[in-house]
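Below: the structure, in structure tokens.
Chain A is the first sequence line, chain B the second, and so forth, proteins listed ahead of strands; every chain is numbered from 1.
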Protein chains: 2
Amino acid sequence: MKKVEEIATNKVKINDRFWGRYLEVVRNHVIPYQWEALNDRLPDTSPSHAIENFRIAAGESSGEYYGMVFQDSDIAKWLEAVAYSLENEPNEELEKTADEVIALLGRAQDENGYLNTYYTVKEPNNRWTNIRDNHELYCAGHLIEAAVAYYQATGKKQFLDIMCKYADHIDSVFGPEEDKLKGYPGHQEIELALVKLYDVTGQEKYLNLSKYFIDERGKQPHYFDMEKERRKETKPFWFNDDYAYHQAHKPVREQKEAVGHAVRATYMYTAMTDLALKTKDESLKKACEELWNNVTQKQMYVTAGIGSMEFGESFSFNYDLPNDLSYTETCASIALVFWANRMLQLEANNKYADVMELALYNGTISGMDLDGKKFFYVNPLEVLPEASDKRKDKKHVKSVRQKWFGCACCPPNLARLIASIGHYIYSQKEKELFVHLYMGSETNIQIANNQVKLVQQTNYPWDGNVSMIVSPEKEETFTMALRIPGWAKGTVVKLNGEIVDHFPLMKNGYVYINRRWKENDHIELSFPMVAERIQSNPQVRHNVGKVAIQRGPVVYCLEQVDNGENLHGIILPRDAELKAEYDPELLEGVVRITGEAERLDQSNWNSELYRPVEDSTTKVQLKAIPYYAWCNREPGEMIVWMNEKR
Amino acid sequence: MKKVEEIATNKVKINDRFWGRYLEVVRNHVIPYQWEALNDRLPDTSPSHAIENFRIAAGESSGEYYGMVFQDSDIAKWLEAVAYSLENEPNEELEKTADEVIALLGRAQDENGYLNTYYTVKEPNNRWTNIRDNHELYCAGHLIEAAVAYYQATGKKQFLDIMCKYADHIDSVFGPEEDKLKGYPGHQEIELALVKLYDVTGQEKYLNLSKYFIDERGKQPHYFDMEKERRKETKPFWFNDDYAYHQAHKPVREQKEAVGHAVRATYMYTAMTDLALKTKDESLKKACEELWNNVTQKQMYVTAGIGSMEFGESFSFNYDLPNDLSYTETCASIALVFWANRMLQLEANNKYADVMELALYNGTISGMDLDGKKFFYVNPLEVLPEASDKRKDKKHVKSVRQKWFGCACCPPNLARLIASIGHYIYSQKEKELFVHLYMGSETNIQIANNQVKLVQQTNYPWDGNVSMIVSPEKEETFTMALRIPGWAKGTVVKLNGEIVDHFPLMKNGYVYINRRWKENDHIELSFPMVAERIQSNPQVRHNVGKVAIQRGPVVYCLEQVDNGENLHGIILPRDAELKAEYDPELLEGVVRITGEAERLDQSNWNSELYRPVEDSTTKVQLKAIPYYAWCNREPGEMIVWMNEKR
């Protein structure tokens, strides 16, 4: 089996205005802050105990295990974020801290390779007895991902060795052989991690184990039932007694609609896509495509949020996208970025890159404030603080970001995503070089025996002009495949100053320019960025008569601080001009959108609650800001979908 | 204290086409069906055990108590419905059955008067130890109401005597005296019942006990806390540790907004209004008026449903009226009828009668199918069956009526309301005779020393013409005060064929005609009934851009069976004519409303979920039916508020 070539990702240097700021925030605030959290040094937040759990497991501290059953994964995600951060900017002290943590992990590891503090400290005799609920394989997956990233960033092998040893142990526990468990994780994650481990080690056993977990899933008799019986557990599974929660209700190739816990689902789809690519499995590829279409065409919010139901943090059903009840977990949008990235490897199609970009500029980073100090777990599209306070069915919709969570999955997940942003820009297939994202950056890419330097400059997402210098060491024939975003109308492509008639070169939203490239070849792209009114498919009952505003990849929202309370009373006439202006003072610099709108007039209502129709509106100035940046000023109401007048 | 004169209600004979049919259904189906239920003779429904509990309490059967802690109240409501039914139409066999049940109640009663099967059978030593949760006083209240009704209907005193004995016992347990408990019920109900008991017995102690329960409520130190301490209960109260659930968070006169469990609240407001009237308590009257305004101007659905939150079956907050999450319990709308009826005694104002009528024609009877065989507990204003099936936050919204409930409060409550409908038509204040409702009926009313026969004929609510013959035995000067509904525009009032210029005679929505009435005086009222588009106060965020259709007192809805699926895609142009036609074949005869509308066109959408705005609709015929009658044909989607195009 041929391994797909990969960009040496540590060579992408981000100097983008937008993402550079985020990287700095992650480096200077999020990573240090989370380090404090992991060490229980944050005042006014519930302790993490994650480091302490490892100390106890290593026999270097006494005390009880504390935290969620998946507390280890917080360490893993932090280490992974550190790895990417070191890739971007070396930091001796941080690397030393990470090395110490890694050494601690090594000391906490069992001789046989096992490494999970919950079971080692708390239930040493119950390992692998409840993989449905207890996240052993999930934590292993995150640690593997971190080890791979750390190896790629630093070249150091210690962490990778620890995790190979653990992976080998897992491989000795699970598999088709008679003496092994026929199980698979309740929270998918290790499947995609094992593919990464295969990528860096070249060891097929890791790919095979990943494939085993995926292929075994949902078979009858059901492993979760057998395991449950062994535990003598009798009560029905809490999620309507339905393993759809775990996407284990049927074999993965038979799954046509996204169901259950959105993060588990999307991590699984990511691994399925990896496997479809690496094992050339057409049936798996087909399943991935069908699931992709289901998620993005029937179950995704306009912000690239997924998971419309709090119960089970899950998908609900097609076109069910309530704006005020959504779960839309930060981690789920992050997972969608992972999946889109893998789909792009399967097939370069802007429909995948568009969703990846949408998630990056909206539903993921909305999970963090601009300072990197507070976080949303749930990213709703409509917030009325009083409803969050007073309605139990909206309790999960927080109206302000929180400092740290007892279940702290989202903050470190976001940190690792942002720190690795450079990994999502390019991909390569032999002599085709794909550009999926546009952001200020520099990198060197190996094509044949030639080093090609790529330099992007842009003010993206605030304007749509991108300048790209392509500089091979020596002249070389290859293809630059440039993504034209689906939202861009009237794109202009220039090569060395000359307009390129790019339509004949387009395939699935990418412009393929094959030529003999030479030093300082200059590509210019111009994507007109227009504040567009977006409407939903008529099947989405929640958005009839409403529009959202999107400009380029950025979705907008209205906040009370700009528009007063009762945001639902604002009505945007179809013909009102929308003005987009960059405001360097606003929210660390954003393009804001203003326009003349109307507002339902309360003044000619007396106390009545209902009356025969009679319209009355007043003129108001509407001001919209990027969705991701909401709740960085005075807290209050927020809406994405606003009422429209045609 | 002067007792308010009352109509001898058993003299109102209903021969109305609309209500006559409902009375027949209650008589022929609901009462016999519920009798079977109370005796556990219904197949496929969970047993009630209510009669059996009394047998066990009486020592005539062995076995365990079974059912809710308030199971006794099902018997009470059934007996009350039977009483009203006998008032309408004597039925020897039914009366004999009721007498037997009453005798059983007597045998189950303790020597000291105590009568509650749960405590007698199950926890004889724990009486009155948890009046917050355990409904002893609630059950007593329902039994008192039934006893009063049965006495008024049949003149028989046995039941009344049983309940006076119990009430005397309760009076010996609760009260300001040192040796008595300073408590009050967690579920209000007995307060309004004690006023009724006072009305028929003239015994002031019952009025005083009711007043005590109301006045004591919400005082500090809090009785529920003291009682809880005595029980050694330590966990916080489940409703956010907030006695607002019971309207016991502060003294009743300080309550300005309706909060907590909607039925408890409204039963309490009813009793408060009774007491304000009967004790001429101005501060209580003011509280009632403020609470009335809050409920009807800020927390009531257009169907007169109340309670917008499933958690606690409760009010949420002002203008929070989600159509798809509402609780809007049948019992809560019934309670609103009770309250409106009492507010009308305090002050004749059509704002009270309008709400009473709205509840009667919409949010109450929607709780039962046309055959009286199936029931809704929750009366939502928007139903998508798939959402009810798949979303946990909408599980309480049933998309079809159920046969019987484990907690069977609503069906017998509705039975007693319908059976007593005649009680809500008239009221009298000395020589003023108020007509609040219009329905085909006959009655004789005593004015001074004169018998006045009143005969109404009407096709209400399908047309707005009412003919009323006023026939005093001998000529007499008195006032007929005729309600002009708030929705009626251009009403014509005629007296003996001559148009009356009624505007100078109007006060608070009633036309006061004072004259010397003689035999066969003929009043004709004509209320133009127009299919009106109704809009919500701009503060109601859920209904912006939407209208409901109301014609006379009847609110309409769209059902899938008439309009296809995806009802949210129907858009009613502001200028589309709405045609109202009586269809005798439809739903036992209703006026249906049709009009030309538009429907979002799916055909020019491909698979995308979002796209820049671009309109496309097709013309469709809209067909609306009365809300109360929904779900009597093919089950499916239903909406009350539909999208509008201006």
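- Interface remark: A/D601 contributes backbone atoms only to the contact with chain B (heavy atom separation under 4.5 Å).
- Relative orientation of the B/H396 and B/Y327 rings is parallel, given thresholds of 30° and 60° on the angle between their planes.
- When side chains are defined from C-beta on, A/K298 does not count as touching A/F315, because their heavy atoms never get closer than 4.5 Å.
- The aromatic rings of A/H261 and A/Y245 sit perpendicular, their planes meeting at an angle over 60°, well past the 30° parallel limit.
- Heavy atoms closer than 4.5 Å to chain B are found nowhere in A/S314, neither backbone nor side chain.
- Between B/F311 and B/W238, the ring planes lie perpendicular to each other; the angle is over 60°, past the 30° to 60° tilted range.
- With a 4.5 Å cut-off on non-hydrogen atoms, A/L567 does not touch chain B at all.
- Residue with the most contacts toward chain A among B/L600, B/D393, B/T296, B/I534: B/I534 (heavy-atom pairs, distance under 4.5 Å).
- When the heavy atoms of residues 569-576 of chain A are compared with those of chain B, the residues falling under 4.5 Å are A/I571, A/R574, listed by number.
- Of the atoms belonging to A/E614, heavy atoms from both backbone and side chain fall under 4.5 Å from chain B.
- Between A/W292 and A/Y352, the two ring planes are perpendicular [angle over 60°; tilted spans 30° to 60°].
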Candidate pair A/D389 and A/K394, rule salt bridge (charged side-chain N to carboxylate O under 4.0 Å, His left out), full reasoning: CA-CA 8 Å; A/D389 291 348; A/K394 295 185 181 168; over 6 Å; no

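- At a 4.5 Å heavy-atom cutoff, A/N604 makes no contact with chain B through either its backbone or its side chain.
- Proximity to chain A at a heavy-atom threshold of 4.5 Å picks out B/V544, B/V547 from residues 543-559 of chain B, in numerical order.
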